[in-house]
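No hydrogens, no waters, no symmetry mates; every other heavy atom, side chains included, goes into these values.
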Amino acid sequence: MTKEREWVYEHYVEVQEDSKGALEAIKFKNTENFNFAYDVVDRLADKNPEKVAMVHIAKNKRKRELTFGDMSSYSSKIAAYFQSLGIGKGDKVMLVLKRHYHFWFAILALHKIGAVVIPTTNLLKQRDYEYRFKAVDVKAIVCTADDDVAYQVDMAAENMDREIIKIIVRGKRNGWNSLNRAVYEFDSSFTPEVYAGGDDPSIMFFTSGTTGYPKIVTHDFRYPLGHFITAKYWHQVDPEGLHFTISDTGWGKALWGKIYGQWLCEAAVFTYDMDSFEAGEMLEMIETHRITTFCAPPTAYRMLIRKDFSKYDLSSLKHATTAGEALNPEVFNLFREKTGLLLHEAFGQTETTLTIGTLKGEVPKPGSMGKASPAYDIDIVDSKGRSVKSGETGEIVVRTEGIKPAGLFMGYYGNDELTAEAWHDGLYHTGDLATRDVDGYFWYVGRNDDVIKSAGYRIGPFEIESILMELPYVLECGVTAVEGRLRGKMIKACIVLVDGTEGTDELKKEIQKYARRKMASYKCPKIIEFRDELPKTISGKIQHNKL
């Protein structure tokens, strides 16, 4: 990015960089009434309406190029339509739109109205919708016509004591409004009844916890600004390039990589409206559409590295990132061998934006999450909230001390007790354990409730999983503990093998032999169990408590 050009983000962000362009400090300004739809998208539409905002590939491979002018115009039409249906500021609206381009029109429209957006996966069933409808008093739902999603919504809505406004996309259904009406019956000269921005609630996420009902994370209108670092210094997007984050719009990761930070940096995003991930198809997309920056979870990279990269021209790809779960060093090393690119890892939560990462100017250490983001005051503390020394395990926290960073959540909706439990005495507690080395790099240990206590030791499952993942025939691995008859808890490794590998007793012995060479004896798995798949949350994270 050149200094001669005025960038839209400069109205809201001040950065201090070193001579190599690495971020040293950041300050957010003019955030009191910030609204991403008006202050970024509409501003970009006025500035350069023909600049491509998104390259969208439909399931049938039809290609659409949508400009910032399109995003501004269509979102205003849909905002007027939503408002005509009675949706207003503060109303909670669920978006179940997979990777349809209508998602971007709808989320911007709801921002313009001041409604609260609830991105939602299409994998939910009747009971899930019933819980969500009641938990936050959902006013409306905008839903794909694919599969049986609308049917599940209808069954849930029948059990509500009030009517929910139902809007369908890419189809028709009795009792549902059609989003297509907005395009033909409303113009783009939209004016909100009440303006929303700044510290008004804007986004809600239902977190995919491993036990109990999901928590409801609420963010304000400043949340998109927190993703400026995500895009510019972690993804390192090119304003003349094309960024591809593979996430479905039902997950928070889509807002990390498919809209906010990328458009603040005036970079186009790529979206493929796929039903499922297929590694070869992803490589074809990178080749065909000349993707320049790419982000995917470690699970996806584990599948990608099994492919023959010599069959694809990936020369357009300049930078690759990963997050969502801890990255195994073996995946890092194999991807580097195949592409010459270093995977840049990062850490964050539904409650935050990127808090730790290998940002521009920093050299990745395989297996490390990177360094603390300058936007957050990150520390590692013990059970009494005291900072621990380098190399010691503790909990990752955000020090707030009366200051709420842009991107940190407002609280858990409807649950002050849970909010106070996680955020008190000037500390937001992530519940994730890590160590920090003398260079300031963070190393993930595991969730506080996943850590194994055995023979007087505290053992992080990720460390063992990473070593077992070095074996070429291990596709996935989850480590937990089981009660032994004589010696207390024993380490157990549940392993998914690559296709064509037979899970024999001899292979179990080979795995244990390898583990004994690579780690302390008290960490070695005493039990090896082969499985066809591992239990996961609907967001794809391994549920260690079910192993």
Side-chain angles (χ1 to χ4, degrees), residues 75 77-98 100 102-183 185-186 190 192-194 196 200-208 213-219 248-252 254 412-415 538:
S75 63
K77 288 173 178 279
I78 292 172
Y81 176 51
F82 287 166
Q83 195 165 266
S84 75
L85 294 175
I87 301 171
K89 179 180 178 180
D91 287 334
K92 284 76 170 188
V93 181
M94 295 177 68
L95 297 183
V96 195
L97 292 174
K98 301 172 71 174
H100 306 343
H102 310 80
F103 172 85
W104 284 261
F105 299 161
I107 191 172
L108 293 173
L110 294 171
H111 286 341
K112 289 182 175 182
I113 290 172
V116 179
V117 180
I118 308 173
T120 306
T121 173
N122 62 297
L123 302 176
L124 302 184
K125 298 300 181 182
Q126 175 185 349
R127 181 179 176 183
D128 302 309
Y129 286 114
E130 288 180 3
Y131 168 69
R132 284 159 174 76
F133 288 167
K134 294 175 181 177
V136 298
D137 193 23
V138 167
K139 177 71 172 284
I141 184 167
V142 187
C143 177
T144 177
D146 287 4
D147 307 316
D148 71 338
V149 179
Y151 170 71
Q152 297 292 336
V153 171
D154 274 337
M155 289 195 299
E158 287 179 1
N159 295 327
M160 298 297 105
D161 57 5
R162 55 185 170 73
E163 184 176 354
I164 293 175
I165 299 169
K166 296 179 292 187
I167 305 162
I168 201 161
V169 171
R170 300 201 324 184
K172 296 181 179 179
R173 187 175 178 85
N174 289 337
W176 287 70
N177 300 283
S178 171
L179 195 72
N180 291 339
R181 276 192 57 203
V183 176
E185 298 182 18
F186 294 83
F190 171 74
E193 293 177 348
V194 183
D200 289 321
S202 174
I203 299 278
M204 281 183 175
F205 297 112
F206 282 79
T207 64
S208 53
Y213 285 111
K215 294 177 288 189
I216 306 165
V217 175
T218 306
H219 283 280
D248 181 277
T249 62
W251 307 112
Y412 297 113
Y413 179 80
N415 199 327
I538 53 177

Straight-line distance of Lys125 NZ to Tyr151 OH, nearest 0.5 Å: 10.5 Å

Distance-minimising heavy-atom pair for Ala135 and Ile216: CB-CD1, 3.8 Å

Sidechain-backbone polar pair: Lys139 side chain, Gly86 backbone, donor-acceptor under 3.5 Å: yes

Over all atoms of both residues, closest heavy-atom pair of Arg173 and Ala150: CD-CB, 3.6 Å

Closest non-hydrogen atom pair between Ala182 and Lys77, with its separation: O-CB, 3.7 Å

Polar side-chain atom of Gln152 near backbone of Gln126 as donor-acceptor pair, under 3.5 Å: yes

Tyr412 side chain reached by Val217 side chain, heavy atoms, under 4.5 Å: yes

Rounded distance (nearest 0.5 Å) linking atom CD1 of Ile87 with atom CD1 of Ile113: 6.0 Å

Min side-chain heavy-atom separation Phe133-Val153 under 4.5 Å: yes

Contact check, side chains of Trp104 and Leu97, non-hydrogen atoms, under 4.5 Å: no

From CG (Asn177) to CG (Leu85), nearest 0.5 Å: 5.0 Å

Test item: His102 and Ile167 side chains (from C-beta on) under 4.5 Å apart, heavy atoms: no

Value rounded to 0.5 Å, distance of CZ in Arg132 from CE in Met94: 6.5 Å

Close side-chain approach of Tyr413 to Val116, heavy-atom, < 4.5 Å: no

Value rounded to 0.5 Å, distance of CG in Asp128 from OG1 in Thr120: 10.5 Å

Value rounded to 0.5 Å, distance of CZ in Arg162 from NZ in Lys134: 10.0 Å

Min side-chain heavy-atom separation Arg170-Asp146 under 4.5 Å: yes

ring-ring contact (aromatic ring centres under 6.0 Å, His included) pairs, two or more places apart, involving residues 77-96: Tyr81-Phe186

Any side-chain heavy-atom pair of Lys172 and Ser178 under 4.5 Å: no

Side-chain donor/acceptor of Asp147 to backbone N/O of Val149, under 3.5 Å: no

Given Val93, Val136, Leu110, the one that forms side chain to side chain contact (heavy atoms under 4.5 Å, CB included) with Ile118: Val136

Val96/Tyr129 under side chain to side chain contact (heavy atoms under 4.5 Å, CB included): CA gap, chis, key distance, verdict: CA-CA 11 Å; Val96 195; Tyr129 286 114; 3.7 Å; yes

Side-chain heavy-atom pair Trp176, Asp154 within 4.5 angstrom cut-off: yes

Nearest non-hydrogen partners of Ala79 and Ala109, listed with the distance: N-CB, 3.5 Å

Verdict with supporting geometry, Asp137 and Lys92, side chain to side chain contact (heavy atoms under 4.5 Å, CB included): CA-CA 7 Å; Asp137 193 23; Lys92 284 76 170 188; 5.7 Å; no

Heavy-atom closest contact (Met155 atom, Glu130 atom, distance): O-OE2, 4.2 Å

Side chain to side chain contact (heavy atoms under 4.5 Å, CB included) between Asp200 and Lys89, worked out: CA-CA 9 Å; Asp200 289 321; Lys89 179 180 178 180; 3.5 Å; yes

Closest non-hydrogen atom pair, Val117 against Leu95: CG1-CD1, 3.7 Å

